[in-house]
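All values reported here derive from a predicted model rather than from experimental measurement.
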Amino acid sequence: MKGTLYIVSTPIGNLEDITLRALRILKEVDLIAAEDTRHSLKLLTHFNIRKPLVSYWGEKEKVKAEETLQRLKDGQSVALISDAGTPGISDPGTVLIGKAIEGGIRVVPVPGPSAVITALSLSGFPTEEFTFCGFLPAKETQRRKLLERISLEQRTLVFYEAPHRILETVADMAEIMGERAVVVIRELTKLHEEVFRGTVSVVLDSLEHSTIAGEYVVILEGRPEKGALHFDDALKEVRELMRKGLGRKEAAKKIGEEYGFSKKELYDRSLEG
Ligand code: SAM
């Protein structure tokens, strides 16, 4: 009989967040496939779990996935874990999961923490619908292009970000997405958990005066609904469209219709300063 692949979520900081089921599965399986075995050993040692470990990180992922698939086909059970949170969510793991599905292996999720959901729950923003964007591109031009592409999105937007890029990213958001509400959360569930709330420029200023370290999630309010946009922001959008090459008249008409403001008022005010 074929084995089972368990996708096991592990804590994103606080070790008490591991579930009872995750602990039981990790103790029962024949093999644990980990992103980085050295990293996971700390977690497993903490919970007194001693199991054969295989790493599926980086270039090894495809080869290791094949080997692990064979073990699953031979009837072994395998727990897939990543360094933190839910495997496959901005983390490796999808290669093995895909192969297991193709190979007719039973795949069972063992849910638990994930930074995207944890941060969203704390944001206070609408969560009926949201867009998870993962990590933005590291290169400035690509990052800005992507932000421009999603700047019309009305759903709440969630991003993962590294500490060395957090200031640039929030600065780009201020410039490209306009003055919206944002929540930046650092070190969720850890000792130095910190939440920055406000408009993008206010949060940017707070971040600039804070210790930049650890892991960050950025949650940005979606583009305000028709009519909910402040006139000055609509004016900024007119200027932004003009910067991109649209004529003043067309830009004022487009934004006026979109947000329910007078196109004449937008046109006239866009001539000022
Ligand atoms: N698989 C993980 C999950 O389910 O959340 C995400 C892994 S991804 C490689 C790592 C990124 O997730 C970090 O750079 C950060 O943006 C976010 N993250 C993970 N743990 C976090 C935490 N404790 N606090 C804030 N952000 C966190």
Identify whether [X] and [Y] are in the same connected component of the hydrophobic contact network (ILVMFWY, side-chain heavy atoms under 4.5 Å).
{"X": "V183", "Y": "V200", "value": "no"}
{"X": "V107", "Y": "V29", "value": "no"}
{"X": "F135", "Y": "M177", "value": "no"}
{"X": "I101", "Y": "V108", "value": "no"}
{"X": "L146", "Y": "I219", "value": "no"}

Flag side-chain contact, heavy atom, 4.5 Å: [X] against [Y]:
{"X": "V116", "Y": "I89", "result": "yes"}
{"X": "L122", "Y": "V195", "result": "yes"}
{"X": "F125", "Y": "V158", "result": "no"}
{"X": "C133", "Y": "L157", "result": "yes"}

Would you call [X] and [Y] a salt bridge, using N to O less than 4.0 angstrom?
{"X": "D232", "Y": "R269", "result": "yes"}
{"X": "K190", "Y": "E193", "result": "no"}
{"X": "E237", "Y": "K254", "result": "no"}

Has [X] got a side-chain atom pairing as donor or acceptor with [Y]'s backbone, closer than 3.5 angstrom?
{"X": "E179", "Y": "S201", "result": "yes"}
{"X": "R197", "Y": "S123", "result": "yes"}
{"X": "K2", "Y": "G103", "result": "yes"}
{"X": "T19", "Y": "A22", "result": "yes"}
{"X": "E215", "Y": "L188", "result": "no"}
{"X": "S121", "Y": "T118", "result": "yes"}
{"X": "S262", "Y": "E265", "result": "yes"}

Tell me the closest heavy-atom pair linking [X] and [Y], and the distance in Å.
{"X": "V8", "Y": "I81", "result": "O-CG2, 3.6 Å"}
{"X": "V95", "Y": "A65", "result": "CG1-CB, 3.8 Å"}
{"X": "L31", "Y": "V54", "result": "CD2-CG1, 3.9 Å"}
{"X": "A234", "Y": "I255", "result": "O-CG2, 3.6 Å"}
{"X": "Y56", "Y": "A33", "result": "CE2-O, 3.2 Å"}
{"X": "A100", "Y": "L69", "result": "CA-CD1, 3.8 Å"}

Discussion item. With no hydrogens and no angle check, just 3.5 Å: does a side-chain donor-acceptor pair link T189 and N14?
Written reply: no
Discussion item. Quick one, Y6 with L80, criterion side-chain contact (heavy atoms from CB on, under 4.5 Å). Give me CA distance, side-chain angles, the key distance, then yes/no.
Written reply: CA-CA 6 Å; Y6 296 94; L80 174 70; over 6 Å; no
Practice prompt. Could you walk me through whether T131 and I150 pass side-chain contact (heavy atoms from CB on, under 4.5 Å), step by step?
Written response: CA-CA 10 Å; T131 301; I150 57 174; over 6 Å; no
Side-chain donor-acceptor contacts of residues 42-49 below 3.5 Å, not counting sequence neighbours, with atom names and distances?
unit_1, atom_1, unit_2, atom_2, d
T45, OG1, L41, O, 2.5
N48, OD1, R50, NH1, 3.4
N48, OD1, R50, NH2, 3.4

Spacing of [X] atom [atom1] and [Y] atom [atom2] [to the nearest 0.5 Å]:
{"X": "E153", "Y": "L220", "atom1": "CD", "atom2": "CG", "value": "10.5 Å"}
{"X": "K27", "Y": "R24", "atom1": "NZ", "atom2": "CZ", "value": "11.0 Å"}
{"X": "H39", "Y": "E35", "atom1": "NE2", "atom2": "CD", "value": "8.0 Å"}
{"X": "Q76", "Y": "Q70", "atom1": "CD", "atom2": "CD", "value": "10.0 Å"}
{"X": "L235", "Y": "Y267", "atom1": "CG", "atom2": "OH", "value": "13.5 Å"}
{"X": "S40", "Y": "K51", "atom1": "OG", "atom2": "NZ", "value": "15.0 Å"}

Worksheet entry | For W57, the rest of its hydrophobic cluster, which grows through side-chain links under 4.5 angstrom | none
With [X] via salt bridge (Lys or Arg N to Asp or Glu O under 4.0 Å) - residues at least two apart:
{"X": "K236", "result": "D233"}
{"X": "E221", "result": "none"}
{"X": "K139", "result": "none"}
{"X": "E194", "result": "R186"}

Practice prompt. Apply side-chain hydrogen bond (donor to acceptor under 3.5 Å, both in side chains) to R243 and list each qualifying residue two or more places apart in sequence or on a separate chain.
Written response: E240
Item to complete: Please collect all ring-ring contact (aromatic ring centres under 6.0 Å, His included) contacts where either partner lies in residues 163-214, sequence neighbours excluded, each pair once.
Response: none
When the side chains of residues 165-175 are checked against the rest of the protein, which donor-acceptor pairs come out under 3.5 Å, sequence neighbours left out?
unit_1, atom_1, unit_2, atom_2, d
E168, OE1, R143, NH2, 3.1
T169, OG1, E161, OE2, 2.7
T169, OG1, R165, O, 3.1
D172, OD1, R144, NH1, 2.9
D172, OD2, R143, NE, 2.9
D172, OD2, R143, NH2, 3.1
E175, OE2, R144, NH2, 2.9

Worksheet entry | side-chain contact (heavy atoms from CB on, under 4.5 Å) assessment of L53 paired with S55 | CA-CA 7 Å; L53 277 170; S55 161; over 6 Å; no
Worksheet item: Residues in side-chain contact (heavy atoms from CB on, under 4.5 Å) with A251, at least two apart?
Response: V238, L241, M242, L246
Worksheet item: So which pairs with a foot in residues 98-117 pass salt bridge (Lys or Arg N to Asp or Glu O under 4.0 Å), sequence neighbours left out?
Response: E66-K99
Worksheet entry | Any pair counted as salt bridge (Lys or Arg N to Asp or Glu O under 4.0 Å), so long as it reaches residues 107-136, sequence neighbours left out | E129-R155
Item to complete: Assess whether ring pair (Phe, Tyr, Trp, His ring centres under 6.0 Å) is satisfied between F132 and F159, documenting all intermediate values.
Response: CA-CA 6 Å; F132 175 54; F159 305 86; 8.8 Å; no
Discussion item. Run T156 and L120 through side-chain contact (heavy atoms from CB on, under 4.5 Å) and show every step you take.
Written reply: CA-CA 9 Å; T156 300; L120 259 178; 4.0 Å; yes
Worksheet item: Just wondering, more than 12 heavy atoms not from R71 lying within 6.0 Å of its CZ?
Response: no
